[in-house]
Amino acid sequence: METILVLTHADETGSALTKASLETVTAGLELAARLSAPLTIGIITVDATAAASALSSTGARLLAVSGEAFAQARYASDAAAAEALCRAAKATIVLAPGTSRFTRVAAGVTHRLGGFLDTHITALGGTEAIEATRWFYRQRIEAVLSRDARPWFLLLDAGTHAAFAGEHGAAPVEQAAIQLPRLRTTVSGVRAPEQGQQTIRPDAKLLFVAGAGWTKKQHDGQAHPAEAGKLILGFLHATGASLGSSKSLVDQGGEGEPVLPFLTHMNQVGQTGATPRHAKGLSTCCHGEEPHVVGWRFVGERRAINLDPNCGWARGKADVVYVADAFEVMGKVNAQLKAAKA
Ligand SMILES: Cc1cc2nc3c(=O)[nH]c(=O)nc-3n(C[C@H](O)[C@H](O)[C@H](O)COP(=O)(O)OP(=O)(O)OC[C@H]3O[C@@H](n4cnc5c(N)ncnc54)[C@H](O)[C@@H]3O)c2cc1C
C-alpha cells in the first residue's frame with residue numbers, strides 16, 4: 001500500500017500555509033481517498049500551531065519541522081526539513097507544491113532518498129496505479145505518467161486544485177527529528193519590489209494582457225506610451241489583476257521604440273513566455289497570434305479589446321471581442337472603478 005505525504009510550507013507571515021500548499025493538501029486528500037491510503041501532511045514553518053489548526057479537519061497525521069531556521073527559504077535547512085519529514089512519514093508518494101521554495105530543493109531531497117521526481121504535475125488520477133498528468137512542448141502535448149520507482153516525488157503546478165479550507169480546530173502535531181547541517185547561508189532580508197509595483201500576481205482572478213498596440217501610433221498619428229502606462233497601472237491598482245504582455249511589447253525596448261517601463265520579459269505570455277492560470281483574461285491592444293494565445297491555454301473566460309475586427313482573437317480565440325479603442329475603453333473602465341470605490 002502507498003503512504004502519501006503532502007509537504008507544505010508557510011507563507012511570508014510565517015504561520016499561515018501558502019495557497020499552493022493548501023492546493024496540494026486537496027490533491028493529497030483526493031488521492032488518499034481514491035487509493036484508500038494513509039495520508040500525512042508535513043509542515044515546514046517557524047511555529048506549526050496555526051497551520052495545524054487549519055489542517056485539523058483533514059484527519060491526516062500532522063508532522064512538523066519547526067523553528068527559527070525555517071522562517072526563511074534556504075537550501076540547506078529546507079532540504080534537511082523535507083528529508084526529515086519524508087523519512088519520518090516513510091512516504092512512498094510525496095506531493096509538494098511547485099513553489100520556488102520546494103522546486104529548489106526537490107531534486108536534492110529526491111536524490112538523498114533514492115527516489116524519482118516529476119515536476120509540473122497538473123492532475124492525479126488512477127485507482128490502482130497513480131497516474132500523474134503533465135504537459136510537454138509548451139502545453140501542446142498532455143502526457144499521463146505512472147512509475148514503479150519509490151519514493152515518487154510529484155511537484156504540483158499552482159492553480160490546478162482548489163485550496164483546502166476546513167474548520168479550524170485543535171490538532172496534535174508530531175515533531176519530526178531533524179539534524180540540521182552547518183548553515184553557511186544567513187538570510188539577512190528580502191529585497192522585493194514594493195507592494196503595488198509587483199505586477200505578476202499568479203493568484204489574481206484576472207489576467208490583464210497588454211500588447212504592442214499600446215505603444216503604436218494612434219489615430220492622431222502619435223504614440224501615447226505615458227498615457228498607456230497610466231491607464232494600465234491604474235487598472236492594475238484598482239483591480240489587483242496580474243499583468244501579462246505580448247512578446248512584441250516586451251521586445252520593443254531593444255529596438256529603441258517607446259516602452260512601458262514596468263514590463264519585463266517575466267510578464268510575457270505565450271509559447272516562449274508563461275502559461276498562467278487565471279479564471280479570466282482581458283487582452284488589450286494585442287493581435288492574438290497563435291504563439292501568444294498558446295500561453296492562454298489555461299485561462300478560463302477570455303475577452304479582448306482590439307481596433308481590428310479581423311484580429312486573431314475574433315477568430316475563435318476569445319469568448320468576447322470588443323472592437324474598440326482600448327485607450328477609450330480602459331479610460332472609462334478606470335473611471336467607473338474609481339467611482340465605485342469612492
Ligand atoms: C517562435 C516564436 C515564438 C513566439 N513566442 C511568443 C510568445 O511567447 N508570446 C507572444 O506574445 N508572442 C510570441 N511570438 C510573437 C507573436 O507571433 C506575435 O508577433 C506577437 O504576439 C504580437 O504581439 P502584439 O499582438 O502585441 O503586437 P501586434 O501584432 O503589433 O498587434 C498590436 C495590436 O494592437 C491593436 N491596437 C493598436 N492600437 C489599438 C487601440 N488603441 N485599441 C485596441 N487595439 C489596438 C492592433 O489592431 C493590433 O492588432 C512568437 C513568435 C515566434 C515566431
Side-chain angles (χ1 to χ4, degrees), residues 120 135-141 157 159 199-202 206-236 239 241-278 280-299 302-337:
H120 291 295
W135 294 79
F136 288 96
Y137 299 108
R138 288 275 157 195
Q139 335 306 344
R140 284 193 164 87
I141 297 173
D157 267 358
T199 56
I200 301 170
R201 302 170 179 140
L206 177 68
L207 170 71
F208 179 92
V209 161
W214 281 108
T215 55
K216 295 268 166 72
K217 281 184 187 160
Q218 295 299 309
H219 50 77
D220 59 358
Q222 304 293 318
H224 301 279
E227 189 188 343
K230 240 171 104 183
L231 285 170
I232 294 167
L233 288 179
F235 181 75
L236 295 182
T239 59
S242 187
L243 178 62
S245 171
S246 69
K247 181 164 162 49
S248 293
L249 185 56
V250 289
D251 278 351
Q252 275 180 190
E255 304 299 328
E257 289 186 43
V259 288
L260 299 177
F262 46 87
L263 278 169
T264 74
H265 281 94
M266 296 296 286
N267 294 90
Q268 186 185 316
V269 170
Q271 180 179 339
T272 42
T275 315
R277 290 167 191 270
H278 298 273
K280 295 181 179 187
L282 176 63
S283 160
T284 54
C285 295
C286 165
H287 190 74
E289 284 190 33
E290 184 55 24
H292 173 73
V293 177
V294 73
W296 284 62
R297 181 140 215 165
F298 303 119
V299 174
R302 306 166 177 199
R303 298 189 179 201
I305 307 171
N306 200 309
L307 282 170
D308 178 3
N310 208 19
C311 69
W313 298 109
R315 295 181 215 154
K317 288 173 180 161
D319 302 298
V320 178
V321 179
Y322 304 100
V323 179
D325 185 328
F327 281 83
E328 285 178 27
V329 176
M330 294 317 296
K332 286 187 180 158
V333 168
N334 282 354
Q336 286 194 7
L337 286 167

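Bear in mind that the values here come from a model prediction, so they are computed numbers and not experimental data. Read the numbers this way: they start at 1 and go in the same order the structure lists the ligands and their atoms.
Although no hydrogens or angles enter the test, the distance criterion places no donor-acceptor pair under 3.5 Å between the side chain of Arg303 and the main chain of Ala318.
When every heavy atom of Ile305 is checked against every heavy atom of Asp325, the shortest pair comes out as CG2-C, 4.4 Å.
Under the salt bridge (charged side-chain N to carboxylate O under 4.0 Å, His left out) criterion, Arg297 pairs with no residue, sequence neighbours left out.
In this structure, Trp214 and Phe208 have tilted ring planes: the angle between them lies in the 30° to 60° band. The aromatic rings of Trp135 and Phe298 stand perpendicular to each other, their planes meeting at an angle above 60°, with 30° marking the opposite boundary.
Within 4.0 Å of ligand 1, protein heavy atoms belong to Gly211, Ala212, Gly213, Lys216, Gln218, Ser246, Lys247, Ser248, Gln268, Val269, Gly270, Gln271, Thr272, Gly273, Cys285, Cys286, His287, Glu289, Pro291, His292, Ile305, Asn306, Leu307, Asp308, Ala324, Asp325, Ala326, Phe327, listed by chain and number.
Shown here is Lys317, whose NZ atom has more than 12 heavy atoms of other residues, nucleotides or ligands within 6.0 Å.
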